[in-house]
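Report on the structure given below.
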Amino acid sequence: MDKKSLYLDNAATTYPKPPQVAQAVADYIAHVGINVNRGGYTKAYDAAESILTLRERLCDFFQGPDPRNVIFTANVTASLNFLLKGWLKPGDHIIVTSLEHNATMRPLVQLQQQGVTFDCIPPAADGLPDMAAIPGLIKANTRAISAVHASNVSGGVIDIAALGQICQQHNLKFIVDSAQSAGILPIQMQDMHIDALAFTGHKGLLGPQGIGGFILTDEMASETTPLIAGGTGSFSHLETMPELLPDRFESGTMNLPGLAGLAAALDFVEDYGIDNIHAHEQKLTKLFIDGLKGHEQISIIGESYRQRVAVISLNFLGCDNARIAWMLENEYGIMVRCGLHCAPRAHQSVGTYPEGTVRFAPGIYTTEDDMQYAIEAILKVLAEQ
């Protein structure tokens, strides 16, 4: 096998990006370059119009309530902090799933010091949340369920439509972390009864790093305290934050080149079609799992999942996972991620805590030949142990 360079860490960030993404970022810096809401001249109005158009497109893409309810942040972590810390109050209780990323868990643990409590839905036998256990976790002060749509550890997909129904039945708000699913799986906020959706631009949406956001209902917005206060370019005579959306949550200068890149990425995703993207990644995932299942030294996490994204965690039995990951890159140029993936609860749910796993995550530009190369490399590395 000739050594090649193979990136299989698309769960961390997708790479490469569509060529038009870098071009859009460069074009904004080189040919637009100005701020929005901070200038009374044509070029500023044109730039503001392009951002409004992006809000409208994202609102349509996620079936959000209104374009003005699309709020831009730096990433999904910032978005979840805005939502959890800005909305939950002392004495509130929230339910989370067994697969949450630290983007959700660390803010909640911080909020515990302020009197917020949470319970975690226990995992079923397959590691996914046991939906039947939810009613028993609901208390008089429970206000919401917060759920990751797809696990960054196992690739397992949670039925957020079913969770949304449960929230409707019990008058709870529903918060969704779409870090691993946006741009790959369909998300309809209104049909799924989602009150707040956190998204990031640099993963399945194929945009640049440093841009993300959240979309929330008017009711959630009115009950959420902005975490950051400052200039918005509007209502400048006030020293209080505007009530108007999106201004209420968007203080300071935004990552405008990043937003231009996200708009170009959204062009690609919509033209290609998320169903086609998902089908391509599913084909690669099946090829990879089929090529490795049954090997006595390999445990494939969530091997039998019917619904999954292209995130495959392997536990190499009797071997040092970190050494296997190092050998794959050193000898075969394969870039993967080893460890707990910022999601210790998810690893506890699937039985891989504290050692973690080696995670393989193909993307839209990964080929079947790439996955076959990875399979052969893994088998060769194991033969050396």
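Excluded from the calculations below are hydrogen atoms, water molecules and symmetry mates; all remaining heavy atoms, backbone and side chain alike, are included. We're numbering straight along the sequence, starting at 1.
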- prompt: Does S151 offer a backbone N or O that forms a donor-acceptor pair with the side chain of S154 under 3.5 Å?
  reply: no
- request: Check whether any side-chain N or O of R359 sits under 3.5 Å from a backbone N or O of N152 as a donor-acceptor pair, and report yes or no.
  value: yes
task: Rounded to the nearest 0.5 Å, what's the gap from CD1 on I301 to NE2 on H347? Could you check?
output: 8.5 Å
query: Out of curiosity, L8 CG to Y15 OH, how far, rounded to the nearest 0.5 Å?
result: 13.0 Å
query: Side chains of T232 and M241: closer than 4.5 Å at any heavy-atom pair?
result: yes
message: Between I215 and L80, is there shared hydrophobic-cluster membership here, with clusters defined by ILVMFWY side-chain heavy atoms closer than 4.5 Å?
response: no
query: Who are the salt bridge (charged side-chain N to carboxylate O under 4.0 Å, His left out) partners of K89, not counting sequence neighbours?
result: none
query: Roughly how far, to the nearest 0.5 Å, is CG of L256 from CZ of F72?
result: 10.0 Å
message: So, using side chain to side chain donor-acceptor pair (under 3.5 Å) as the criterion, who are the partners of H149 when residues are at least two apart?
response: S181
Pairwise side-chain contact, L292 with L379, heavy-atom cut-off 4.5 Å (strictly under): yes
Check: I145 and V96 side chains under 4.5 Å, non-hydrogen atoms: no
message: When you compare the side chain of W326 with that of D320, does any pair of heavy atoms fall below 4.5 Å?
response: no
message: By the salt bridge (charged side-chain N to carboxylate O under 4.0 Å, His left out) test, which pairs, at least two apart or in different chains, include something from residues 242-259?
response: R55-E250, E243-R248
task: Any pair with a residue in residues 156-172 that passes salt bridge (charged side-chain N to carboxylate O under 4.0 Å, His left out), sequence neighbours left out, goes on the list, sorted by first then second residue, please.
output: none
message: Tell me whether D370 contacts the main-chain N or O of T367 through its side chain, where contact means a donor paired with an acceptor under 3.5 Å.
response: yes
- request: Evaluate whether atom CD of Q112 has more than 12 neighbouring non-hydrogen atoms of other residues, nucleotides or ligands under 6.0 angstrom away.
  value: yes
task: Could you check L206 against V21 for side-chain contact (heavy atoms from CB on, under 4.5 Å), going step by step and ending with a plain yes or no?
output: CA-CA 8 Å; L206 302 175; V21 173; 5.5 Å; no
task: Kindly check if the number of other-residue, nucleotide or ligand heavy atoms within 6.0 Å of CD (Q385) is above 12?
output: yes
message: Applying a strict under-4.5 Å side-chain criterion to I, L, V, M, F, W and Y, I'd like to know whether F174 and V76 cluster together.
response: no
message: Show every side chain to side chain donor-acceptor pair (under 3.5 Å) that has at least one partner inside residues 198-211, sequence neighbours left out.
response: T13-H202
- prompt: Between Y28 and I34, is there a donor-acceptor pair closer than 3.5 Å when you use the side chain of the first and the backbone of the second?
  reply: yes
task: Start with the C-alpha gap between I334 and Y7, add the side-chain angles, then the distance that decides, and say whether side-chain contact (heavy atoms from CB on, under 4.5 Å) holds.
output: CA-CA 6 Å; I334 300 173; Y7 180 78; over 6 Å; no
field: All pairs passing side chain to side chain donor-acceptor pair (under 3.5 Å) where residues 73-84 contributes a residue, at least two apart
entry: T73-S79, N81-K85
message: For R143, I'd like to know if atom CZ has over 12 heavy atoms of other residues, nucleotides or ligands within 6.0 Å.
response: yes
Spatial distance of atom CG (L108) from atom OG (S146) [nearest 0.5 Å]: 7.0 Å
- request: Check whether the side chains of N315 and T357 place a donor and an acceptor atom closer than 3.5 Å, and report yes or no.
  value: no
query: Is K4 close enough and on-axis enough to Y332, meaning under 6.0 Å and within 45°, for cation-pi?
result: no
message: Can you list, by chain and residue number, the hydrophobic cluster partners of L340 when the side-chain cut-off is 4.5 Å?
response: Y353
query: Any side-chain heavy atom of F360 within less than 4.5 Å of one from R337?
result: no
- prompt: Taking the side chain as C-beta and beyond, is there a heavy-atom pair between V153 and L99 under 4.5 Å?
  reply: no
message: So I121 and S98, do their side chains get closer than 4.5 Å, heavy atoms only?
response: no
- request: Give me the other members of the hydrophobic cluster that L244 sits in, counting Ile, Leu, Val, Met, Phe, Trp and Tyr linked by side-chain heavy atoms under 4.5 Å, directly or via other members.
  value: F235, L238
- request: Answer with yes or no whether the hydrophobic clustering places L227 together with L197; edges join I, L, V, M, F, W, Y residues whose side-chain heavy atoms lie under 4.5 Å apart.
  value: no
- prompt: Where the side chain of N10 meets the backbone of A361, is there a donor-acceptor pair that is under 3.5 Å apart?
  reply: yes
- prompt: So if you build clusters from Ile, Leu, Val, Met, Phe, Trp, Tyr with side-chain heavy-atom gaps below 4.5 Å, do I324 and M335 land together?
  reply: no
SB check E331 K380 (cutoff 4.0 Å): no
Heavy atoms from other residues, nucleotides or ligands near CZ of R57 exceed 12 (cutoff 6.0 Å): yes
- prompt: Run the side-chain contact (heavy atoms from CB on, under 4.5 Å) check on D66 and N69 step by step: do they pass?
  reply: CA-CA 5 Å; D66 191 280; N69 296 51; 3.3 Å; yes
- request: Could you tell me the separation between the CG atom of D27 and the NE2 atom of H31, rounded to the nearest 0.5 Å?
  value: 5.0 Å
- prompt: Hey, is the main chain of V311 close enough, under 3.5 Å, to the side chain of R308 for a donor-acceptor pair?
  reply: yes
field: Qualifying side chain to side chain donor-acceptor pair (under 3.5 Å) pairs, either residue in residues 271-287, two or more places apart
entry: K286-D290
message: For E376, give me all partners under side-chain contact (heavy atoms from CB on, under 4.5 Å), at least two apart in sequence or on another chain.
response: M1, Q372
message: One pair to check against side-chain contact (heavy atoms from CB on, under 4.5 Å): V176 and I187. What are the steps and the verdict?
response: CA-CA 10 Å; V176 172; I187 300 172; 5.6 Å; no
message: When you compare the side chain of P344 with that of N102, does any pair of heavy atoms fall below 4.5 Å?
response: yes
- prompt: So K173 and E219, salt bridge (charged side-chain N to carboxylate O under 4.0 Å, His left out) or not? Walk me through it.
  reply: CA-CA 10 Å; K173 293 292 187 289; E219 183 179 353; 3.1 Å; yes
- request: Provide the full list of side chain to side chain donor-acceptor pair (under 3.5 Å) pairs with a residue in residues 183-198, sequence neighbours left out, each pair given once.
  value: Q63-D191
Co-membership, hydrophobic cluster, residues V350 and F288, 4.5 Å side-chain: no
field: Backbone of M220 reached by a side-chain donor or acceptor of T224 within 3.5 Å
entry: yes
task: Mind checking side-chain contact (heavy atoms from CB on, under 4.5 Å) for T142 and listing every partner two or more places apart, or none if nothing turns up?
output: H93, I95, I138, K139, L172
message: Are H341 and H101, when compared by the centres of their aromatic rings, separated by less than 6.0 Å?
response: no
- request: For this output row, return yes or no: ring centroids of F199 and F214 closer than 6.0 angstrom.
  value: no
